[in-house]
Amino acid sequence: DSGVTQTPKHLITATGQRVTLRCSPRSGDLSVYWYQQSLDQGLQFLIQYYNGEERAKGNILERFSAQQFPDLHSELNLSSLELGDSALYFCASSVGVGLAQEQYFGPGTRLTVT
Amino acid sequence: GDSVTQMEGPVTLSEEAFLTINCTYTATGYPSLFWYVQYPGEGLQLLLKATKADDKGSNKGFEATYRKETTSFHLEKGSVQVSDSAVYFCALKTSYDKVIFGPGTSLSVIP
């Protein structure tokens, strides 16, 4: 158990809908990362927050947005969902920022868009 | 741009065989390098890391050395066990905090 929690575990929704994925980092970790894992794209970095502020951005679509709240939990919002958004979404956390920081991954949320 | 290339497998080995999973990278500057492991139905777990050239990361019998001259970070284990069956990801982290993962290598160890 990494100490990172993600809810829900599974989510099934229809095209065009909007969903929110939630992540609680390990106690004491200030940095949160979001990743998308799919069979065709592999593991893709989406976005990182540090202490409430956006710090790094990867291959995140405009239909997706995220935020980190004062209690340090983070939410990833996915809107106008398409079939291709079906994937595993992972959250990870680390104590701070920097090259050597280790990330601890949550168990993931499996999103299925029908 | 920055990228990670690793052998995709799947790799199938007998128990107690020697394991090598190749990983090479392209990056500007001096990234940190990581190996993560993903067991079926679980999230990724950090296996080992190296933060500068010639550093050797090691954990649970796995080793990898950061080779700047060959831009490589190959994962090795002298004697694999059935419990090592998983998907292994090589990753780099840049100074901008972006983390780039390789495609993953699936390993199956048979008794």
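So that the names make sense, note that chain A is the first sequence line, chain B the second, and so on, each numbered from 1.
When only modelled atom types and interatomic distance are considered, B:Thr105 and B:Gln6 share a side-chain donor-acceptor pair under 3.5 Å.
In this structure, chain B has no heavy atom under 4.5 Å from any part of A:Tyr50. For A:Gln103, the parts sitting under 4.5 Å from any heavy atom of chain B are the backbone and the side chain alike. Contacts between A:Tyr33 and chain B at a heavy-atom distance below 4.5 Å involve the side chain alone, from C-beta outward.
Under the 4.5 Å side-chain heavy-atom criterion for ILVMFWY residues, no single connected hydrophobic cluster contains both A:Leu88 and A:Leu81.
Here B:Lys49 is the residue among B:Lys52, B:Lys49, B:Gln45, B:Glu42 with the most heavy-atom pairs under 4.5 Å with chain A. The choice from A:Gln44, A:Gln101, A:Gln41 that makes the most heavy-atom pairs within less than 4.5 Å of chain B is A:Gln101. Heavy-atom pairs under 4.5 Å with chain A peak, among B:Val99, B:Leu33, B:Thr94, B:Leu46, at B:Val99. Comparing B:Tyr30, B:Phe89, B:Tyr36 by how many heavy-atom pairs each has under 4.5 Å with chain A, the most go to B:Tyr36.
With hydrogens and angles disregarded, no donor-acceptor distance shorter than 3.5 Å links the side chain of B:Ser58 to the backbone of B:Glu63. Distance alone, capped at 3.5 Å, places no donor-acceptor pair between the A:Arg22 side chain and the A:Glu75 backbone.
Side-chain contact between A:Glu54 and A:Gln48 is absent, with no heavy-atom pair separated by less than 4.5 Å.
The one candidate from B:Trp35, B:Phe34, B:Phe62 that meets the ring pair (Phe, Tyr, Trp, His ring centres under 6.0 Å) condition with B:Tyr88 is B:Phe62.
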